[in-house]
Amino acid sequence: MSKAFQATNAVVTGSSSGIGRATAISLAQAGVERLVVHYRSNEAGAAETADALSDIGCDPILVSADLSLPEGRQALIQAAFDSLGVVQTWVNNAGADVLTGSAAAMDFEGKLQRLFDVDVMGAILLSRTVADRMIAQFDPQSNTGPASMVFIGWDQASDGMEGDAGQMFGPIKAAVMAFANSLAQDSGPRLRVNTIAPGWIRTSWGESTSDYWNARAEGQSLMGRWGGVEDIARAVLYAADPGNTFLTAQTIQVNGGFNRRF
Ligand SMILES: NC(=O)c1ccc[n+]([C@@H]2O[C@H](COP(=O)([O-])OP(=O)(O)OC[C@H]3O[C@@H](n4cnc5c(N)ncnc54)[C@H](OP(=O)(O)O)[C@@H]3O)[C@@H](O)[C@H]2O)c1
């Protein structure tokens, strides 16, 4: 495998499971030397990610922080920059799970508020400060190129989807994607900012969903299958690749091609 990220450091928020874990592992396989494995409460999952990184030869730094809280965001920023020094790749992946676990029992307003606090306020307020730090670190004399920040959106956010899930995730992820595009405008040429917008990815909700949603996820992809976390990790690495210096302010949908006949 190419080692495009050799001798670089990275942070992946929400890397105790799912897309974040797959992204952290892929970054390690691509040569990242030190990586902050951020999580909120899934300590065992974060330790599993850290073990996988160590096996590859990447040095993991575990940081627990609730990104819906100012003190959590501050703690992550301090721990990340104190331990890594220079950060070349920052992936804003953390997102509230309101579909499985105890949060699934909350009403619409409670779920929307949770998503807003974590995915919107958390990601925006965290990444404004992080972007300032990454931009300040940029050395025009070096040939390492601009640093990179990647957000995770949702492919159906802009066009909309019926039902409570569409009315929650649509505005939430549309806000994330809109913010990322604006941050990109303020950050070039020293920091590249892009968004990966996944389609139906088989994480914990997909593992336990109904026959209807299973058929819909497969049917709405021109590739005729669920996406895997590795599909998204591969796209995040493309966006963040230090050699990909002409790619910024883009949203890339990774959904197997949306099948409009379904
Ligand atoms: N799966 C899909 O089909 C899909 C589609 C489109 C977009 N996405 C987005 O992709 C991202 C990852 O999704 P996933 O399916 O891999 O989810 P996941 O497995 O539930 O992982 C979510 C991560 O976010 C962390 N997190 C949750 N609340 C947090 C908080 N308050 N503060 C800090 N971290 C918090 C979790 O930490 P702990 O578990 O340690 O608490 C976990 O590490 C999310 O932003 C999601 O919205 C997913």
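Atoms within a ligand are numbered from 1 in the order they appear, just like the ligands themselves. Keep in mind that this is a model prediction, so the values were computed, not measured. FYI, side chains are in, hydrogens and waters are out, and symmetry mates aren't considered; it's all heavy atoms of this structure.
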Contact atoms of ligand 1, heavy-atom distance to [X] under 4.0 Å:
X	answer
Gly18	16 (O), 19 (O)
Asn42	38 (P), 39 (O), 40 (O), 41 (O)
Ile201	1 (N), 2 (C), 3 (O)
Ala94	24 (O), 34 (N), 45 (O)
Ile19	10 (O), 16 (O), 48 (C)

With a 4.5 Å cut-off on side-chain heavy-atom distances among I, L, V, M, F, W and Y, is there a chain of contacts connecting Leu126 to Met177?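 Result: no, two separate clusters.
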What protein heavy atom sits nearest [atom], and how far away is it?
atom	result
atom 10 (O) of ligand 1	Ile152 CG2, 3.3 Å
atom 7 (C) of ligand 1	Gly153 O, 3.1 Å
atom 21 (O) of ligand 1	Ser17 OG, 3.3 Å
atom 25 (C) of ligand 1	Gly14 CA, 3.9 Å
atom 27 (C) of ligand 1	Gly95 O, 3.3 Å
atom 42 (C) of ligand 1	Ser16 OG, 3.6 Å
atom 45 (O) of ligand 1	Asn93 O, 2.8 Å
atom 31 (N) of ligand 1	Asp66 OD1, 2.9 Å

Compute the minimum heavy-atom distance from [X] to ligand 1 and say whether it is under 4.0 Å.
X	value
Gly45	no
Gly199	yes
Arg202	no
Lys173	yes
Ser15	yes
Ala65	yes

Does either side chain, that of [X] or that of [Y], offer a donor lying less than 3.5 Å from an acceptor on the other one?
X	Y	answer
Ser15	Arg21	no
Gln185	Asn181	no
Asp132	Thr129	no
Asp155	Trp200	no
Tyr238	Arg234	no

Worked verdict on Arg128 versus Asp186 for salt bridge (Lys or Arg N to Asp or Glu O under 4.0 Å): CA-CA 10 Å; Arg128 275 168 57 88; Asp186 289 321; over 6 Å; no
Heteroatom distance test ([X], ligand 1): nitrogen or oxygen, under 3.5 angstrom:
X	answer
Trp154	no
Leu67	yes
Ser41	yes

Would you call Lys111-Asp97 a salt bridge at under 4.0 Å N-O?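 Here Lys111 does not pair with Asp97 in a salt bridge, since their nearest N and O are not under 4.0 Å apart.
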So that I can tick it off, tell me whether Asp59 and Arg34 are bridged by a salt bridge, with the cut-off set at under 4.0 angstrom between side-chain N and carboxylate O.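 Yes, this pair counts.
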How close do [X] and [Y] get, counting heavy atoms only, and between which atoms?
X	Y	answer
Thr100	Ser204	OG1-OG, 4.0 Å
Ser83	Val36	OG-CG2, 4.1 Å
Val229	Ala22	CG2-CB, 3.6 Å
His38	Gly14	ND1-N, 2.9 Å

Determine whether the side chain, the backbone, both or neither of Glu43 has a heavy atom under 4.0 Å from any heavy atom of ligand 1.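 It is neither part, as no heavy atom is under 4.0 Å.
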Are there protein heavy-atom neighbours of atom 16 (O) of ligand 1 below 4.0 Å? yes
Could you tell me if Arg216 sits above the aromatic ring of Phe262, with its cationic atom closer than 6.0 Å to the ring centre and no more than 45 degrees from the axis?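 The answer is no, since Arg216 fails at least one limit relative to Phe262.
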